[in-house]
Amino acid sequence: MKKTIVISIIIILLALITSVIMFTNIGGELREYIAYKIFVPKETFKIEPQENIKIRYTYSWTNEGFEIEVTDKQLINFITENISNKKLNNYSGQIGLAIMGEYTVELGNNISLKFDSNEKEGYVMIKDEAKNFLTKIEPEILRKVEQIVDEKLTQNIEIFKTDQVRISENSEKCIVGRQIEEKTAIEYILERCKNIYIKEINYEPNIVRPNYEIQFNDNVKLLVYNMQSKGWLLKDGILSEAYGLNIFETIIKNAFDNVEEREKMLKTNKITLISPEQTVEIRDQDIIEKITTNLMYSTIGEPKWLATYDITKEYNNGIKVQLNDYQFLIPGDKTIGNRYIISKDKKLKLCYPLQDIEQYIYEVLGIKKENKGGPISIAVPYDIPEGKDTGDNKIN
């Protein structure tokens with residue numbers, strides 16, 4: 001009898017373990033781990049001690065870049081210790097991750113690794129004379145390499161440093177200009193200047209009238225053409241080729257899009273942040289400027305389907321930024337990424353800020369973001385303010 005009970009308990013335990021392994025997230029991770037251990041090939045490299053290594057940075061969508069020689073022993077040893085004689089998983093054929101090679105690190109003995117910007121997990125392509133495969137290394141290595149390159153890129157954009165930028169739109173009839181002085185917008189523009197590749201020329205160029213001119217100071221101007229990466233840099237009266245200028249398309253377009261309406265909507269010395277748990281009034285001008293500037297140069301649209309769209313759940317569980325008679329809504333329910341501007345009469349418009357300001361708003365409110373890469377989900381209901389509940393709890 002006891003033997004039968006023991007056997008039954010063992011069978012039940014085995015069934016539970018099998019269920020956990022087969023049908024739960026924990027089991028899925030365990031199965032993945034076992035599969036990688038058994039089926040993913042392992043590769044090893046031996047890296048001899050080096051006095052220096054080289055980092056090459058390639059500007060996006062070009063073959064142009066620059067090279068930096070690194071002699072920092074601590075960094076060289078850190079990279080070597082994490083790669084040399086280590087069993088590296090060969091994910092080629094296992095993971096469909098394309099790496100363009102924006103960053104290349106030459107480690108000596110024809111061994112190199114490549115990766116792209118914003119790689120958080122540590123995925124790289126590593127190669128020597130015999131092998132070239134996708135693997136994963138310590139992500140801190142990538143961050144340190146990016147920091148070194150960023151220091152060089154920051155030096156390169158010194159020519160653009162300014163406290164105001166003027167964007168002029170050229171047409172056959174007139175030139176319309178917009179002076180940009182907001183701190184956040186200037187920082188945005190200067191950060192994107194890091195992606196511009198400047199090439200000196202030794203020929204007499206044939207200049208076509210640009211669609212836009214971006215004036216940084218008295219001596220530096222960019223000539224920009226619609227839908228084109230290539231344009232011109234005019235510095236101290238000397239022209240150079242400039243590549244990557246399409247990075248300015250968003251802010252250029254929005255700088256001239258319903259400016260008066262946007263200023264009426266957003267210019268304020270007070271904003272209110274409303275979450276399901278709290279309401280916070282903000283008068284700090286630095287906080288206000290960071291939020292309103294990103295909305296001032298946002299992309300705003302009004303597709304037809306919005307006229308009958310019910311955002312009750314998104315609204316009630318979301319976070320609102322009250323700006324004069326308007327609200328910017330970060331939905332509380334999961335969406336495909338929609339964000340909204342809501343007028344006093346509850347009309348909706350889609351709004352995509354110039355930069356991601358959601359994390360900043362969460363920090364101001366002291367809210368920890370629960371879902372990586374998407375809006376947070378808060379289950380506590382929040383009544384529509386000022387008694388605007390229509391009975392069916394729709395705000396439109």
Side-chain angles (χ1 to χ4, degrees), residues 55-68 99-104 114-119 145-170 177-256 293-294 297 299 353-356:
I55 297 173
R56 178 172 174 78
Y57 177 76
T58 303
Y59 289 91
S60 298
W61 311 112
T62 75
N63 293 318
E64 307 291 348
F66 54 81
E67 201 168 76
I68 304 170
I99 293 179
M100 305 301 293
E102 191 174 348
Y103 297 85
T104 301
K114 294 184 177 183
F115 65 97
D116 295 328
S117 294
N118 302 314
E119 172 52 56
V145 170
E146 287 182 333
Q147 288 171 6
I148 292 171
V149 171
D150 189 67
E151 289 176 6
K152 172 66 174 174
L153 292 173
T154 301
Q155 293 173 9
N156 290 350
I157 66 167
E158 282 295 320
I159 62 170
F160 298 107
K161 285 294 179 67
T162 182
D163 57 2
Q164 60 182 26
V165 171
R166 182 173 180 80
I167 301 178
S168 300
E169 182 179 21
N170 297 329
R178 175 74 187 275
Q179 194 82 0
I180 297 177
E181 298 180 351
E182 300 95 340
K183 177 183 175 182
T184 299
I186 298 296
E187 289 175 350
Y188 171 89
I189 292 170
L190 292 178
E191 185 67 23
R192 268 137 194 80
C193 286
K194 292 179 180 179
N195 297 316
I196 299 173
Y197 172 67
I198 306 299
K199 184 177 182 180
E200 294 182 359
I201 60 175
N202 55 8
Y203 62 89
E204 190 68 28
N206 180 23
I207 303 296
V208 178
R209 174 195 284 268
N211 299 106
Y212 298 94
E213 296 181 5
I214 305 177
Q215 182 84 43
F216 289 87
N217 49 58
D218 292 338
N219 301 316
V220 176
K221 181 186 294 185
L222 288 171
L223 310 183
V224 182
Y225 299 89
N226 284 335
M227 307 298 291
Q228 291 188 34
S229 171
K230 181 184 175 183
W232 301 95
L233 168 72
L234 181 62
K235 180 178 182 294
D236 298 327
I238 299 174
L239 276 169
S240 300
E241 293 177 347
Y243 295 85
L245 301 189
N246 49 336
I247 57 174
F248 297 114
E249 286 177 357
T250 297
I251 196 164
I252 285 176
K253 175 183 179 297
N254 295 332
F256 297 97
T293 298
N294 274 290
Y297 297 100
T299 299
L354 184 67
Q355 294 175 290
D356 180 11

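Positions are given from 1, in the same order as the sequence printed here. FYI, side chains are in, hydrogens and waters are out, and symmetry mates aren't considered; it's all heavy atoms of this structure.
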Heavy-atom side-chain proximity of I196 to I157 below 4.5 angstrom: no

Where K114 and G101 come nearest, the two heavy atoms and their spacing: CB-CA, 4.0 Å

I214 side chain near I252 side chain, heavy-atom distance below 4.5 Å: yes

Point-to-point distance, once rounded to the nearest 0.5 Å, from OG1 of T184 to OH of Y297: 10.5 Å

Nearest-0.5 Å distance that lies between atom CD1 in I251 and atom CD1 in I167: 5.5 Å

Note, Y197 side chain near S60 side chain (heavy atom, < 4.5 Å): no

N294 side chain to Q355 backbone, donor-acceptor under 3.5 Å: yes

Side-chain donor or acceptor of N217 paired with backbone N/O of T162 under 3.5 Å: no

Where Q228 and E249 come nearest, the two heavy atoms and their spacing: N-OE2, 4.3 Å

Sub-4.5 Å side-chain heavy-atom contact between R178 and E169: no

Donor-acceptor contact present, side-chain D150 to main-chain E146, <3.5 Å: no

Distance in Å, K194 NZ paired with F160 CZ, rounded so as to fall on 0.5 Å steps: 13.0 Å

Gap between atom CG of L354 and atom OG1 of T250 - 0.5 Å precision: 7.0 Å

L234 side, atom CG; Q215 side, atom CD - distance, nearest 0.5 Å: 8.5 Å

Heavy-atom pair with the smallest gap, counting every atom of S240 and I198: CB-CG2, 3.8 Å

Shortest non-hydrogen contact between V220 and K235, atoms and distance: CG2-CG, 4.0 Å

Crowding at CG, D236 (>12 non-hydrogen neighbours, <6.0 Å): yes

Shortest non-hydrogen contact from Y59 toward G65: CD1-CA, 3.9 Å

Validation row: T58, T104 side chains within 4.5 angstrom (heavy atoms): no

Interatomic spacing from CG in N246 to CZ in R192 - rounded to 0.5 Å: 12.0 Å

Side chain to side chain contact (heavy atoms under 4.5 Å, CB included) assessment of V165 paired with I186: CA-CA 7 Å; V165 171; I186 298 296; 3.6 Å; yes

Side chain to side chain contact (heavy atoms under 4.5 Å, CB included) assessment of F216 paired with L222: CA-CA 8 Å; F216 289 87; L222 288 171; 3.5 Å; yes

Residues F66, L153; criterion side chain to side chain contact (heavy atoms under 4.5 Å, CB included); working and verdict: CA-CA 10 Å; F66 54 81; L153 292 173; 3.7 Å; yes

N226 side chain reached by Y212 side chain, heavy atoms, under 4.5 Å: yes

Closest non-hydrogen atom pair between A185 and T293, with its separation: N-CG2, 3.5 Å

Any donor-acceptor N/O pair, Y103 side chain to V149 backbone, under 3.5 Å: no

